[in-house]
Amino acid sequence: MRIGELARRCGTTTRALRYYESLGLLPDRRGPNGRREYEESDLRLVTEIRSLTGIGFALEDTRPFVECLRDGNASGGSCPASVAVYRRKLAEIEECIAGLEVARERVREQLASAEAEARRKGKTCGS
């Protein structure tokens, strides 16, 4: 299939597909006329890339998943390198959540302090 059809079927742009190709995530196959040619299997690669980037993975993080699919595995996440990326990403997310929980608690404390001060002055917040 041609690049426009692959882009349409994947819900992305030809520009994105060219970029994936420049990173080595998609194969650089050319027909006799010099135009890019893609196979059905490339649809799976792009779907995997877009799925992972859609949940916050960097493009480079998708490489082990793409390679896993290229090796003939049913799932891009079934290879040890992919599992390692999942673990690293999960640790990053958990670290972010912990930081947000600390920030939330600090904001709660500041809000409680501000409301207590407003009550002492006989005013309500927002008035």
Side-chain angles (χ1 to χ4, degrees):
M1 79 186 85
R2 304 243 321 258
I3 192 169
E5 182 181 350
L6 180 62
R8 181 185 54 75
R9 288 180 65 188
C10 293
T12 191
T13 64
T14 58
R15 184 177 180 187
L17 296 177
R18 285 187 203 96
Y19 185 58
Y20 299 163
E21 185 180 293
S22 75
L23 296 174
L25 296 171
L26 277 180
D28 182 7
R29 278 190 229 97
R30 304 284 175 148
N33 59 6
R35 292 186 176 161
R36 288 173 171 86
E37 293 183 351
Y38 296 98
E39 300 173 355
E40 285 296 316
S41 59
D42 298 325
L43 180 65
R44 286 192 65 213
L45 299 179
V46 176
T47 300
E48 185 82 355
I49 292 166
R50 290 182 42 80
S51 173
L52 291 167
T53 59
I55 58 171
F57 284 70
L59 270 175
E60 191 54 38
D61 289 337
T62 69
R63 188 171 304 280
F65 298 87
V66 168
E67 290 170 357
C68 191
L69 287 172
R70 280 187 184 152
D71 287 343
N73 294 286
S75 165
S78 62
C79 296
S82 303
V83 171
V85 173
Y86 274 140
R87 285 188 175 128
R88 183 174 43 81
K89 188 63 176 176
L90 184 58
E92 288 174 11
I93 291 169
E94 288 173 347
E95 185 177 324
C96 286
I97 290 170
L100 287 170
E101 288 174 341
V102 168
R104 179 180 58 196
E105 191 55 37
R106 288 181 182 163
V107 170
R108 277 188 181 144
E109 291 167 1
Q110 292 294 323
L111 175 60
S113 176
E115 288 174 337
E117 186 175 335
R119 281 192 300 277
R120 282 194 300 273
K121 292 182 178 179
K123 299 179 181 178
T124 60
C125 289
S127 61

Hey, are Glu48 and Arg44 close enough for a salt bridge, meaning a charged N less than 4.0 Å from a carboxylate O? no
Between Ile49 and Leu17, is there a shared hydrophobic cluster once you connect ILVMFWY residues whose side-chain heavy atoms come closer than 4.5 Å? yes
Would you call Arg70 and Glu67 a salt bridge, taking side-chain N to carboxylate O under 4.0 Å as the test? no
Does the distance from a Lys or Arg side-chain N to an Asp or Glu carboxylate O, for Arg106 and Glu109, drop under 4.0 Å? no
Polar side-chain atom of Ser82 near backbone of Gly76 as donor-acceptor pair, under 3.5 Å: yes
For a quick test of reading the model, state the closest non-hydrogen atom pair linking Gly77 to Val83 and the distance between them. O-CG2, 3.6 Å
Report the C-alpha distance between Arg8 and Met1 in whole Å, list the side-chain angles of each, state the deciding distance to 0.1 Å, and finish with yes or no for side chain to side chain contact (heavy atoms under 4.5 Å, CB included). CA-CA 11 Å; Arg8 181 185 54 75; Met1 79 186 85; over 6 Å; no
Do Tyr86 and Leu25 belong together in a cluster built from hydrophobic side chains that touch within less than 4.5 Å? no
Can Leu23 be reached from Phe65 by stepping across I, L, V, M, F, W or Y side chains whose heavy atoms are under 4.5 Å apart? no
Can you check whether Val107 reaches Gln110 side chain to side chain, under 4.5 Å on heavy atoms? no
Salt bridge or not between Arg30 and Glu21? Use side-chain N to carboxylate O under 4.0 Å. yes
Look only at the side chain of Arg50 and the backbone of Cys10, and say whether a donor-acceptor pair between them is shorter than 3.5 Å. yes
Can you pull out every disulfide bond (SG atoms under 2.5 Å apart) where at least one residue sits in residues 37-73? Sequence neighbours excluded, please. Cys68-Cys79
Using a 4.5 Å cut-off on heavy atoms from C-beta on, say whether the side chain of Leu52 contacts that of Asp61. no
Between the side chains of Arg108 and Glu105, is the shortest nitrogen-to-carboxylate-oxygen separation below 4.0 Å, so that they form an ion pair? yes
Is Asp71 reaching over with its side chain to a backbone N or O of Asn73, donor-acceptor style, under 3.5 angstrom? no
Would you say that Leu45 contacts Pro27 through its side chain, given a criterion of any heavy-atom pair below 4.5 Å between the two side chains? yes
